[in-house]
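Taking it in order: structure first as structure tokens, then the write-up.
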Amino acid sequence: MKDRHGLLTAPIGRVLLNMSLPNLIGIMTILGFSLADTFFISQLGTEALAAISFTFPVTLVISSIAIGIGAGVSTNLGRLIGSGNAPRAKVFLHDALLLTFILIASLAALGSIFITPLFSLLGANESSLPLIHDYMIYWYIGAPLLVLLMVGNQGLRSTGDTRSPAMIMALAAIINLILDPLLIFGIGPFPRLEIQGAAIATLIAWIVALSLSSYLLMIKRKMLEWAAFDIDRMRTNWNQLAHIAQPAALMNLINPLANAVIMAMLAHIDHSAVAAFGAGTRLESLLLIVVMALSSSLMPFIAQNLGAGQPQRAKQALLSSLKFIFIFQTLLYIPLAFLAEPTAHLFSTDPQVLEWLSFYILVLPCAYGPLGIVIIFATALNAYHRPMSSLVINLCRLVLLMLPLAALGSYIDGVKGLLLALPITNLLMGIACYSLAQRICEPAKVVTADANLEG
């Protein structure tokens with residue numbers, strides 16, 4: 001596990017571009033799962049689209065835990081590799097994946113038991129609950145596979161290899177795209193399973209992807225080796241992982257929890273707004289793919305450079321990334337503003353859903369530049385071993401600003417007032433985060449690799 005990808009020596013812009021392009025493909029394919037499911041399910045009607053929208057906060061909770069664990073894996077492996085401690089990196093990855101499976105399998109088992117009470121709490125009505133159950137029961141079966149896949153791919157990315165995870169996810173997305181219409185609508189010899197078919201298609205794609213990722217980690221790259229059972233060693237590695245993973249997971253958990261609160265607010269105003277919000281959040285993920293690709297590349301880059309004692313190079317990469325993403329996302333909004341209504345028609349023919357979704361697409365992306373700054377800065381803080389600072393930033397954005405403003409907006413102007421609160425929040429936090437980035441990551445203030453990482 002040497003510096004094969006030039007994270008410590010090659011020009012910063014070239015390295016981040018080479019890492020981000022495969023990441024971009026990989027993230028696009030992951031989003032392809034969601035968009036394909038949303039598009040095909042929307043053809044079943046507004047009720048089915050609303051049902052799948054209610055599942056987003058819950059599925060995002062599991063994904064957020066995976067992102068948090070992945071952040072801990074990427075940061076710790078990056079520093080271990082940067083400091084030349086590859087053997088310890090292999091054992092650390094083994095222990096991290098073991099903990100991941102135990103945790104997610106337990107959560108999935110609990111989730112499958114409490115589907116009805118949980119989604120009733122979120123505002124789902126009696127007509128939506130059977131559809132939600134059909135989808136989630138299979139989704140929970142595949143949840144441990146998805147999270148192992150996400151964390152394993154982060155292990156590959158920590159070495160600078162973003163191409164392999166991207167290719168794996170691209171194949172999985174193609175499988176999902178082919179199976180979705182076959183299983184949802186019952187084309188040819190396949191049974192018509194409707195919303196349940198989307199979940200089964202996704203489960204099959206995850207199985208294939210995890211098999212390929214495991215082959216790369218264990219056989220081809222030899223990054224993962226079976227380690228003897230040693231509770232003291234595992235506890236040490238789990239604590240080291242938790243130092244980054246717990247705040248990072250909490251940071252990412254806040255987003256789906258906030259979305260769940262917003263969705264509950266919308267459900268009390270207009271059930272059609274729930275369907276529109278669900279489709280809008282899927283589109284938002286697509287519009288932020290460059291942000292996500294760059295942040296995924298930046299974290300291992302910063303971690304390895306800090307591990308190798310090059311803090312100035314790490315800070316330069318961070319500030320350049322913030323400037324680039326603001327310009328890119330702002331320019332992206334210009335054509336999108338003219339395509340709001342045609343884009344909304346891809347997901348629904350219901351006039352009320354179209355009205356709310358068109359408004360969502362017109363208003364929210366105007367502040368995706370500042371939102372990109374928030375996402376990249378918060379992710380970079382994990383590489384600096386400042387996960388609590390990252391958590392505080394997200395708490396401020398969602399709890400202190402977004403939810404109170406959303407409640408105020410809904411009181412003043414219903415659905416439109418609520419949606420307007422979201423870009424206002426992102427604009428204010430983007431300004432604050434760029435100012436903090438210039439001061440908080442000065443070389444003298446950088447947290448160096450912990451003694452545990454060196455041991």
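These values consider heavy atoms only, across backbone and side chains, with no hydrogens, waters or symmetry-generated copies. Just so it is clear, the structure is predicted and the values come from calculations on it, not from any experiment.
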How close do [X] and [Y] get, heavy atom to heavy atom, and via which atoms?
| X | Y | value |
| --- | --- | --- |
| I41 | L49 | CG2-N, 4.2 Å |
| F119 | F54 | CE2-O, 3.3 Å |
| I69 | T100 | CG2-OG1, 3.4 Å |
| S390 | T379 | OG-N, 4.5 Å |
| N176 | A201 | OD1-C, 3.5 Å |
| T116 | L129 | O-CD2, 4.1 Å |

Please walk me through it: do L145 and L149 pass side-chain contact (heavy atoms from CB on, under 4.5 Å)?
CA-CA 6 Å; L145 307 182; L149 173 64; over 6 Å; no
ask   = Can you tell me if CD on E47 sees more than 12 non-hydrogen neighbours from other groups inside 6.0 Å?
value =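 Atom CD in E47 is crowded, with more than 12 foreign heavy atoms closer than 6.0 Å.
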**Message:** Within a 6.0 Å radius of atom OH on Y138, are there more than 12 heavy atoms belonging to other residues, nucleotides or ligands?
**Reply:** no
Test your reading of the model: is there a side-chain donor-acceptor pair from [X] to the backbone of [Y], 3.5 Å cut-off?
| X | Y | answer |
| --- | --- | --- |
| Y333 | L362 | yes |
| S295 | V291 | yes |
| S410 | A407 | yes |
| Q43 | F39 | yes |
| S435 | A432 | no |
| W238 | D95 | yes |

Which distance, rounded to the nearest 0.5 Å, do you find between the [atom1] of [X] and the [atom2] of [Y]?
| X | Y | atom1 | atom2 | result |
| --- | --- | --- | --- | --- |
| C366 | Q329 | SG | CD | 12.0 Å |
| N426 | M402 | CG | CE | 5.0 Å |
| F326 | I373 | CZ | CD1 | 6.0 Å |
| D134 | I115 | CG | CD1 | 9.0 Å |
| W139 | T55 | CH2 | OG1 | 8.5 Å |
| I325 | F377 | CD1 | CZ | 16.0 Å |

Exercise for the section: Go through the steps for L93 and L217 under the test side-chain contact (heavy atoms from CB on, under 4.5 Å), then give the verdict. Expected result: CA-CA 10 Å; L93 182 58; L217 284 171; 4.1 Å; yes
Counting C-beta onward and ignoring hydrogens, is there a side-chain heavy-atom pair between [X] and [Y] closer than 4.5 Å?
| X | Y | value |
| --- | --- | --- |
| L44 | L131 | no |
| K416 | E355 | yes |
| Q196 | L183 | no |
| F359 | L419 | yes |
| L403 | I262 | yes |
| S214 | L210 | yes |
| M292 | I375 | yes |
| R235 | N239 | yes |

*Audit row: E341, L354, side-chain contact (heavy atoms from CB on, under 4.5 Å) steps and yes/no*: CA-CA 7 Å; E341 191 170 337; L354 288 173; over 6 Å; no
For I168 and N153: C-alpha separation, side-chain torsions, deciding distance, then whether side-chain contact (heavy atoms from CB on, under 4.5 Å) applies. CA-CA 9 Å; I168 291 170; N153 282 346; 4.3 Å; yes
